[in-house]
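What you see below is based on every heavy atom in this structure, not just the backbone, and it leaves out hydrogens, waters and symmetry mates. Sequence lines set the chain letters: A, B, ... in the order given, protein chains first and strands last, and positions in each chain run from 1.
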Amino acid sequence: MPTSLDDDAEDVRAASGGDVPAFERLYRRHVGRVRGVICRLLGAVGASRADDLVQEAFVRAWTRLDGFRHDARFSTWLHRLAVNTALMDLRAACCRPQAGVVDLDDDDWVGWVEEQPGLRLDLEQAVAKLPARARAILVLHDIEQWQHREIAAELDIAVGTSKAQLHRARSLLRRHLED
Amino acid sequence: MNEMELHRRLRGLAVDQPPSRDLWPGIQQRLPARQRRRVPTWPAAVAAALLLATGLLWWQPLQSPDAETSLGGPDLAVAETVADVEDAAETLLLAWTELLEFERKEPEWVLAGVDRPGGVERYAAARELDASLAQLAAALRVEPDSQLIRRLLHQTLRQRIALSQDRLSA
């Protein structure tokens, strides 16, 4: 169903005043895109948390509707909030007891390469298996079309670091993709 | 695979991924009650002071051979009276004080702005400008006749107001 900007604006105003059905319409209109970006950021290890984080993102959106300026697209605002929700979860991953969880500061390129010698992956699988920070940068830049300065601000890294990590992520992907 | 092909294929991954089950019930039960948020009323005295502050864009300090007044800008005209200059500085400081008081009373309004894109940076910039304004106010008490300090005060307050004005018009 195509998104109607007018419908969004009207439902956001109504939801700001406590109209829950209006917020439900916003949810149903945007949940697919929100979940898509969250899944891509979480990758293979965090996939089981995607639905929880989708719910978390929409609850945060409800509480922050007053901060939404109507001169911007609601979908863009919601998308950024979803990204932030997923990245916060990745940062907190180090505190969870599950084995094998990698956090946003994990930069284990060597380990990743060694695990997959010669294994041919499709593109989506390959992206999902990247180290957490590299995956976040690649997803945000090459899939979600963010600028490096926006990525750097969100991840609290230098623009140069974002560019370098993107370059390495792309190189790694090319080596492990199926033809 | 070349760079262009990789980029094309990555861009193709930007697809929606709807959940396999309806997540709405879980969201709905977590939604806190909302009330129509009161739009904070900008105090009339602050509004008047801010109008004066922004209207002083063309304010010209007293012409002086003193090198302290030279900032490499355009040629300076003579102000109406010394009293005008002093009153303007007091008005600027009053506007800043009332702006701070307003933001102190409306923390949710301030935090809502932080959540917007670039909001963190604007918030940090506002805090830096407040520190500068405090220093300028202190310097003006020591050197009340300094045109340089008054001009810096004016310029700094203009920037500080600009950071808040977009929220005022929201």
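Within a 6.0 Å radius of CG in A:Asp156, other residues, nucleotides and ligands contribute 12 heavy atoms or fewer. Counting non-hydrogen atoms of neighbouring residues, nucleotides and ligands closer than 6.0 angstrom, the CD atom of A:Glu124 reaches no more than 12 such neighbours. No more than 12 heavy-atom neighbours from other residues, nucleotides or ligands sit within 6.0 angstrom of CD on A:Glu10.
In this structure a side-chain-to-backbone donor-acceptor pair under 3.5 Å is present from A:Arg40 to B:Val15.
Summarising the geometry of A:Arg174 relative to B:Leu6, their closest heavy-atom pair is NH1-CD2, 3.5 Å, with the distance given to 0.1 Å. What you find for A:Tyr27 and B:Pro19 is that their closest heavy atoms are OH-CG, 4.3 Å. Taking all atoms of both residues into account, the shortest heavy-atom contact from B:Gly26 to A:Gln55 is CA-NE2, 3.5 Å.
For chain B, the nearby parts of A:Glu56 are the backbone and the side chain; heavy atoms of each come within less than 4.5 Å. Proximity to chain B is limited to the side chain of A:Val127, based on heavy atoms less than 4.5 angstrom apart. With a threshold of 4.5 angstrom between heavy atoms, A:Leu81 does not approach chain B through any atom at all.
Atom-to-atom distance recorded for A:Glu144:CD and B:Leu10:CG is 11.0 Å, nearest 0.5 angstrom. If you take CZ on A:Arg170 and CD on B:Glu3, they are separated by 4.5 Å, rounding to the nearest 0.5 Å. If you take CD on B:Gln28 and CZ on A:Phe58, they are separated by 13.5 Å, rounding to the nearest 0.5 Å. Atom CD1 in A:Ile143 sits 12.0 Å away from atom CZ in B:Arg9 (nearest 0.5 Å).
Between B:Asp22 and A:Arg28, at least one side-chain nitrogen of the basic residue sits less than 4.0 Å from a carboxylate oxygen of the acidic one, meeting the salt-bridge criterion.
With chain B as the partner, the residue from A:Val54, A:Val59, A:Asn84 showing the most heavy-atom pairs under 4.5 Å is A:Val59.
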